[in-house]
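Working notes, structure below.
Labels below follow one simple rule: chain letters A, B, ... track the order of the sequence lines, proteins then strands, and each chain is numbered from 1.
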Amino acid sequence: MANFQKLTPRSEDYSKWYNELVVKADLAEQSAVRGCMVIKPYGYAIWETIQQELDRRFKQQGVKNAYFPLLIPKSFLSREAEHVEGFAKECAVVTHHRLMNDPNGKGVVVDPNAKLEEELIIRPTSETIIWSTYKNWISSYRDLPILCNQWCNVMRWEMRTRLFLRTAEFLWQEGHTAHATKEEAEDYARTMLDVYADFAEKVMAIPVVKGVKSPNERFAGALNTYCIEAMMQDGKALQAGTSHFLGQNFAKSFDVQFLSKENKYEYVWATSWGVSTRLMGALIMTHSDDNGLVLPPHLAPIQVVFVPIFKEQSQLDAILAKMNPIIDNLKAKGIRVQVDASDKSTPGFKFADYELKGVPVRLAMGGRDLESGTIEVARRDTLTKETVTLEGIEERIEGLLEEIQANIYKKALDFRIANTREVNSYEEFKEEIQKGGFLLCHWDGTPETEEKIKEDTKATIRCIPLADLPGHKNEPGKCMVTGKPSAGRVVFAIAY
RNA sequence: CGGGAUAUAGUUCAGCCCGGUUAGAAUGCCUGCUUUGGGAGCAGGAGGUCGUGAGUUCGAAUCUCGCUAUCCCGACCA
């Protein structure tokens, strides 16, 4: 460990810092397949907690989990015109169902006689297969609403990939609901947005802006796309979740009608909503520092690590005898504690390693503490440590975890507020956008203007906020590019 | 898909220009001793068909050509 290499500092190369951190913190690594990652146990443990927390919240909204097939008949995808347009260029296609020994040599080749009658698409999203199924489930208004979610993998053949942020295969959940009325569907799409925002802020400690996507950024096949947008430490925006009001588009494409109370056939109204392993990227880029990952306690697989410092076995025994009851009490409070008494590495190594892995609270006890009845408590978010007495240590740690959770949220919110500013002229915009952050600007509401801004600056409208951002009162004005009337300021940023 | 680069030990890389016994280093791994309050030290050990296919040559990690893969920049990306 003599030549231990530190992470590349964020200030030097943010992108490099991110890539190194993901690998060194043991979250994920590149696989043998281009663009597809291996999520390692430590990273997957975080994802599992994300899943559990979200799943619980979904179920509170009446959602039930189900599972639909990985493969979608090619013809399904093209039923909804905009939908296929949006996804066609990044689909993986299954064309054959059998291999055979290579007649000319070693190995196997695709058996040309095993060509599929109709090609199958590996799902990039499941609206089509689900709506073809819902057709069979729905005949009366009494069958509605249907509120289904599935946790699964999807595949989008991206040209360039980055661990967690954009991978060819990724894990996500996709909710698909069917409703009798437009109002109910719209409300539900909004409700799920609130669920996502609440989860992001309370569990992940990531402040988000709730908003509506402009037509350019809307989901392929949706009438309206709601989203939560987060700001990363480099000032770029990251879409952390979306909830779509699909109108009757998919019901019409798949002929899903129900008989109403009035005995009339009507098309079903739909929503879909999802978050993915991209949230892991958001988590990393919101909180972490040059020493490694910083995890919010609510998500940390290990919330508290205890490192005994000992010279010989008898000393370790004495330390553990003192600490075991405390550790049991912490566990009884539901706190995830890990004891690292291994002699594989020195305490110094362990300290650095648990910092790299983002463990919120570290406890250390050695010979000195044993004599004085104290313990060292170190917190990851501030990198500070103090030596305290053992009295009431459990409550102290319990409180500290909540304090850290609140602190990193506040830190991220302060950062976002400090990097959100109003810009009024396009000249100023072109200059300011290069500095990063969210720019609140007036826009005339046309796709043409948004397109021009994107061409000039790479910035896009991240969302039209649903509420005022802290410190900014939204009022009508004039588009910064065309001077035409604008209903209110929208959020511009350069996005991941 | 355009431009650039790379491919040698688990990992990061040196060696290649100028071909020549047994391909090196660091780190990681294994064993032993000593250590342990911020990334320990010493000694010993295991580990490589040099991406792949052909060519040149008495001889190729090294030179030539093809192929493949990966990375970076761009284009693309709800």
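Listed by chain and residue number, nothing satisfies the salt bridge (Lys or Arg N to Asp or Glu O under 4.0 Å) test with A:D317 (two or more places apart in sequence, or in another chain). Every residue two or more places apart in sequence or in another chain was checked for a ring pair (Phe, Tyr, Trp, His ring centres under 6.0 Å) with A:H176, and none qualifies. Judged as a side-chain contact (heavy atoms from CB on, under 4.5 Å), and not counting sequence neighbours, the contacts of A:T167 are A:M37, A:F170. Residues meeting the salt bridge (Lys or Arg N to Asp or Glu O under 4.0 Å) test with A:E184, sequence neighbours left out: none. Evaluation of the side-chain contact (heavy atoms from CB on, under 4.5 Å) rule for A:L320 yields A:F306, A:L316, A:N324, A:V339 as partners, not counting sequence neighbours. For A:D198, the salt bridge (Lys or Arg N to Asp or Glu O under 4.0 Å) criterion is met by A:R57, A:K202, not counting sequence neighbours. Scanning for side-chain contact (heavy atoms from CB on, under 4.5 Å) contacts around A:V110 gives A:H96, A:L99, with sequence neighbours left out.
With a 4.5 Å cut-off on side-chain heavy atoms, A:C463 and A:K210 do not count as touching.
Here A:G367 lies in heavy-atom contact (under 4.0 Å) with a base. Across all strands, A:Q239 comes closer than 4.0 Å only to sugar-phosphate atoms, never to a base (heavy-atom distances). If you check every strand for non-hydrogen atoms under 4.0 Å, A:R34 touches sugar and phosphate atoms only. Residue contacts for A:G86: at a heavy-atom cut-off of 4.0 Å it reaches no nucleic acid atom on any strand shown. Residue A:R362 is in base contact, counting any heavy-atom pair closer than 4.0 Å across all strands shown.
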Nucleotide pairing, RNA chain B (Watson-Crick or G-U, distances under 3.5 Å), in dot-bracket with [ ] and |: (((((((..((((......[...)))).(((((.......))))).....(((((..]....))))))))))))....
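When the C1' atom of B:G37 is taken as reference, atom CZ of A:R368 falls 5 Å away, rounded to whole Å. Distance, A:E451 CD to B:C76 C1': 13 Å, rounded to whole Å. Between A:E386 atom CD and B:G37 atom P there is a gap of 21 Å when expressed in whole angstrom units. Rounded to an integer number of Å, the gap from CD of A:Q315 to C1' of B:G37 is 11 Å. Rounded to an integer number of Å, the gap from A:M159 CE to B:C71 C1' is 15 Å. Atom C1' of nucleotide B:U12 and atom CG of A:N19 are separated by 16 Å, given to the nearest angstrom. Residue A:N216 contributes atom CG, which lies 11 Å from atom P of B:C77 at whole-angstrom precision. Atom CG of A:D353 and atom P of B:G28 are 13 Å apart (whole Å).
When atom types are taken as modelled, the side chain of A:E174 and the backbone of A:S126 share a donor-acceptor pair closer than 3.5 angstrom. Counting only distance, with no hydrogens or angles, the side chain of A:Y496 and the backbone of A:L165 share no donor-acceptor pair below 3.5 Å.
Between the side chain of A:K385 and the base of B:G38, at least one donor-acceptor pair of N or O atoms lies under 3.5 Å.
Ring geometry for A:F219 versus A:H244: interplanar angle under 30°, hence parallel rather than tilted (30 to 60°). Using cut-offs of 30° and 60° on the angle between ring planes, the pair A:W151 and A:W47 is perpendicular.
The side chain of A:F349 lies closest to B:A40 when the candidates are B:A40, B:G74, B:C72. Distance from the side chain of A:D369 is smallest for B:G37 among the nucleotides B:G37, B:C77, B:G38.
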Please tabulate, one pair per line, each protein N/O and nucleotide N/O from nucleotides 5-11 of chain B that are separated by under 3.5 Å, including the distance.
none

Atom pairs, N/O to N/O, protein against nucleotides 29-35 of chain B, distance under 3.5 Å?
unit_1	atom_1	unit_2	atom_2	d
B:C29	OP1	A:K344	NZ	3.1

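When the P atom is compared between B:C77 and B:G4, the two are found 24 Å apart, to the nearest whole Å. For the C1' atoms, the distance linking B:C63 with B:C16 amounts to 10 Å, nearest Å. The P atoms of B:G32 and B:A69 are separated by 46 Å, rounded to the nearest whole Å. Nucleotides B:G45 and B:G24 are separated by 14 Å at their P atoms, to the nearest Å. With C1' as the reference atom, B:A7 and B:U12 are 14 Å apart, rounded to whole Å. Nucleotides B:A61 and B:C13, compared at atom C1', are 15 Å apart to the nearest Å. Straight-line distance between the C1' atoms of B:G15 and B:U56: roughly 22 Å, to the nearest whole Å. Here, B:C33 and B:U22 have their P atoms 38 Å apart, quoted to the whole Å.
Annotation: ring pair (Phe, Tyr, Trp, His ring centres under 6.0 Å) contacts involving residues 16-38 of chain A, sequence neighbours excluded, comprise A:Y14-A:W17. Applying the side chain to side chain donor-acceptor pair (under 3.5 Å) rule to pairs touching residues 84-93 of chain A yields nothing, sequence neighbours excluded.
In terms of position on RNA chain B, the residue among A:F351 and A:P124 whose nearest nucleotide sits closer to the 5' end is A:F351.
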